[in-house]
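These numbers come from a predicted model, not from an experiment. To find a chain, count down the sequence lines: A is the first, B the second, and so on, and within it residues start at 1. Hydrogens, waters and symmetry mates are skipped; everything else that's a heavy atom, side chains included, is used.
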Number of protein chains: 2
Amino acid sequence: MWAEIPKFPEFSEISEIPKISCDPGNPEGAYRVKNLTQSRSEFAELLGRTAQAFGLTPSVGQIYGLLYLSAQPLSLDEIAESLDLSKASASIGARQLEALHAVQVSSKDSDRRDYWEARLEPQEVLQKMMSSVLMPRLTNAHNRLEGLLERMEAEKNSGELSGPEFTVCQQRIQQLITKTDHFKTWLPLIERLVK
Amino acid sequence: MWAEIPKFPEFSEISEIPKISCDPGNPEGAYRVKNLTQSRSEFAELLGRTAQAFGLTPSVGQIYGLLYLSAQPLSLDEIAESLDLSKASASIGARQLEALHAVQVSSKDSDRRDYWEARLEPQEVLQKMMSSVLMPRLTNAHNRLEGLLERMEAEKNSGELSGPEFTVCQQRIQQLITKTDHFKTWLPLIERLVK
DNA sequence: AGCTGCGTTAAGATTTTTCTAAACCAAATT
DNA sequence: AATTTGGTTTAGAAAAATCTTAACGCAGCT
């Protein structure tokens with residue numbers, strides 16, 4: 001009414017992938033990494049933000065970014081050093097990426113260290129995330145909605161929920177269940193398209 | 001090597017939509033809402049978690065959930081009261097939902113209050129999010145990657161980056177740009193499928 | 001003009017997430 | 001057997017996100 005265009009910080013900058021803050025003595029976060037050229041560290045930072053958009057932690061994205069632009073596989077210590085992360089974070093992040101099929105570990109005979117290397121098909125990572133994250137969640141949502149319907153019926157019978165209100169709720173939840181199922185049907189096709 | 005199946009809490013429970021914690025005196029978060037039947041508050045809670053998965057705040061999802069199962073439009077105070085939120089959060093959340101075309105405001109002549117009502121086509125919300133969030137981000141990513149390529153060339157020329165390494169980086173970033181563009185092409189189609 | 005009630009804004013508190021330091025375990029080496 | 005080294009786990013620190021309190025501005029009413 002009185003503000004023509006209400007300001008919502010999240011939406012005004014929505015095309016910006018969310019920022020990773022950095023220590024105050026070093027305002028340009030991108031440059032805090034050691035050992036890397038500026039553009040490489042920028043890339044890692046970009047992937048860090050992108051990872052957040054997918055519900056992963058920034059460090060996971062940074063690690064993938066580092067490996068993606070690395071000509072050779074890197075050890076945990078090299079990863080931690082390059083990105084200025086603790087070894088613990090590097091380890092956890094790398095293992096998560098492995099679970100997503102985004103990276104590969106290998107070991108040299110001469111060396112006890114693990115060496116990490118990016119898989120170069122990010123589409124497959126996306127696909128993996130869809131099938132291993134999105135799909136189970138949809139199933140879970142479906143089940144919870146079904147359960148909800150039952151409990152609502154009970155509430156109607158006990159009088160907590162009036163008849164007309166129950167009808168509204170029932171219809172709408174049913175609609176949601178239907179849509180969820182549709183989406184589950186389309187998902188595999190979308191996976192292929194993305195690829 | 002030594003741990004057959006490494007445990008990653010995030011992945012073992014990945015089908016569970018992330019929890020919203022609640023105050024310790026009241027371990028079952030779902031029941032902390034006032035004024036609502038159990039199943040309705042559960043639904044709001046479910047949508048709260050879902051919102052988080054989309055990068056929105058829980059309160060935004062809860063508000064949408066509340067309105068979605070409400071037979072009449074609700075005022076800000078009713079929203080805040082029902083979900084046990086501050087009026088400020090209710091206001092901000094409702095406006096965000098409006099920006100996403102997920103809800104509608106209206107006002108009665110007799111009453112200065114705004115009344116909020118869910119739009120019942122959640123697919124359109126999804127579509128709106130894709131076009132207003134995903135698409136700009138893809139464009140943004142494309143631009144940053146292009147810029148990166150240029151700066152890398154500079155780094156090669158200044159000797160910071162060796163020839164072979166530059167080649168690897170260039171190829172891989174180029175591949176990423178191509179994929180990004182592909183995805184931008186497919187996105188409108190996917191939007192339709194989802195609908 | 002002064003009140004009142006509604007929605008918004010801004011600063012700061014709270015909660016949640018993410019990361020780190022340090023202890024720990026297993027294998028390889030001495 | 002003791003030591004070293006690489007990776008993992010865990011408890012708690014640090015950072016980021018979300019929410020709340022309180023102040024504000026505007027409109028309609030008395």
Side-chain angles (χ1 to χ4, degrees), chain A residues 1-10 18-24 26 29 32 48-49 51-53 55-63 74-81 83-96 98-99 105-116, chain B residues 1-10 18-24 26 29 32 48-49 51-53 55-63 74-81 83-96 98-99 105-116:
Chain A
M1 287 302 180
W2 36 81
E4 259 87 16
I5 299 166
K7 282 179 201 163
F8 297 112
E10 305 81 26
K19 265 190 194 167
I20 295 170
S21 68
C22 45
D23 55 291
N26 183 5
R32 86 195 122 86
R49 296 185 187 186
Q52 278 189 302
L56 302 171
T57 65
S59 63
V60 166
Q62 289 174 300
I63 294 168
L74 300 179
S75 71
L76 266 194
D77 280 312
E78 287 170 317
I79 294 171
E81 161 98 17
L83 296 174
D84 200 13
L85 286 173
S86 70
K87 207 171 160 184
S89 291
S91 169
I92 293 171
R95 290 286 170 200
Q96 284 191 1
E98 192 193 12
V105 214
S106 57
S107 44
K108 302 178 182 171
D109 277 354
S110 54
D111 189 338
R112 291 211 277 115
R113 270 168 286 196
D114 290 344
Y115 282 88
W116 299 84
Chain B
M1 296 289 178
W2 31 83
E4 261 88 14
I5 298 166
K7 281 179 202 165
F8 298 112
E10 304 80 26
K19 265 191 195 167
I20 295 172
S21 67
C22 45
D23 55 290
N26 182 4
R32 87 192 119 88
R49 295 184 188 186
Q52 277 190 303
L56 302 172
T57 64
S59 63
V60 166
Q62 290 174 303
I63 293 169
L74 300 180
S75 71
L76 267 194
D77 279 314
E78 287 170 320
I79 294 171
E81 161 97 17
L83 296 173
D84 200 13
L85 286 174
S86 70
K87 210 171 160 185
S89 291
S91 170
I92 293 171
R95 291 288 169 198
Q96 284 190 3
E98 191 192 14
V105 215
S106 58
S107 43
K108 302 179 183 170
D109 276 355
S110 54
D111 189 338
R112 293 210 277 113
R113 269 168 285 196
D114 290 344
Y115 282 88
W116 299 85

Taking atom [atom1] of [X] and atom [atom2] of [Y], what is their separation to the nearest 0.5 Å?
{"X": "A:I79", "Y": "A:E81", "atom1": "CD1", "atom2": "CD", "value": "12.0 Å"}
{"X": "B:I63", "Y": "B:Q96", "atom1": "CD1", "atom2": "CD", "value": "8.5 Å"}
{"X": "B:S75", "Y": "B:K87", "atom1": "OG", "atom2": "NZ", "value": "8.0 Å"}
{"X": "A:Q62", "Y": "A:D84", "atom1": "CD", "atom2": "CG", "value": "9.5 Å"}

[N] [atom2] sits how many Å from [X] [atom1], rounded?
{"X": "A:Y115", "N": "D:dG6", "atom1": "OH", "atom2": "C1'", "answer": "11 Å"}
{"X": "B:R95", "N": "C:dA10", "atom1": "CZ", "atom2": "P", "answer": "16 Å"}
{"X": "B:L85", "N": "C:dT8", "atom1": "CG", "atom2": "P", "answer": "15 Å"}
{"X": "A:D84", "N": "D:dA14", "atom1": "CG", "atom2": "C1'", "answer": "14 Å"}
{"X": "B:L76", "N": "D:dC19", "atom1": "CG", "atom2": "P", "answer": "15 Å"}
{"X": "A:I92", "N": "C:dT18", "atom1": "CD1", "atom2": "P", "answer": "12 Å"}
{"X": "A:D77", "N": "D:dG7", "atom1": "CG", "atom2": "P", "answer": "7 Å"}
{"X": "B:W116", "N": "C:dT8", "atom1": "CH2", "atom2": "C1'", "answer": "11 Å"}

Nearest nucleotide by nearest heavy atom, which residue falls closer to the 5' end of DNA chain C, A:G55 or A:S110?
A:G55

Is there a side chain to side chain contact (heavy atoms under 4.5 Å, CB included) between B:W116 and B:E98 once you walk through the steps?
CA-CA 9 Å; B:W116 299 85; B:E98 191 192 14; 4.2 Å; yes

So what does [X] hit on the nucleic acid, given a heavy-atom distance under 4.0 Å: a base, only sugar-phosphate, or nothing?
{"X": "A:S75", "result": "nothing"}
{"X": "A:T57", "result": "sugar-phosphate"}
{"X": "B:R112", "result": "base"}

Give a yes/no answer on whether the side chain of A:S91 brings an N or O atom under 4.0 Å of OP1 or OP2 in D:dG7.
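False: A:S91 side-chain N/O out of range (4.0 Å or more) of D:dG7 OP1/OP2.
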
Does a nitrogen or oxygen in the side chain of A:S86 sit under 4.0 Å from OP1 or OP2 of C:dT20?
yes

Out of C:dC19, D:dC19, D:dT8, whichever nucleotide has its closest atom nearest the side chain of A:S59
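The nucleotide sitting nearest to the side chain is C:dC19.
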
Ignoring the backbone of B:Q52, work out which of C:dT17, C:dC6, D:dG6 is nearest its side chain.
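Of the candidates, C:dT17 comes closest.
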
Both A:A88 and A:R113 contact DNA chain D. Which one's nearest nucleotide lies toward the 5' end?
A:R113

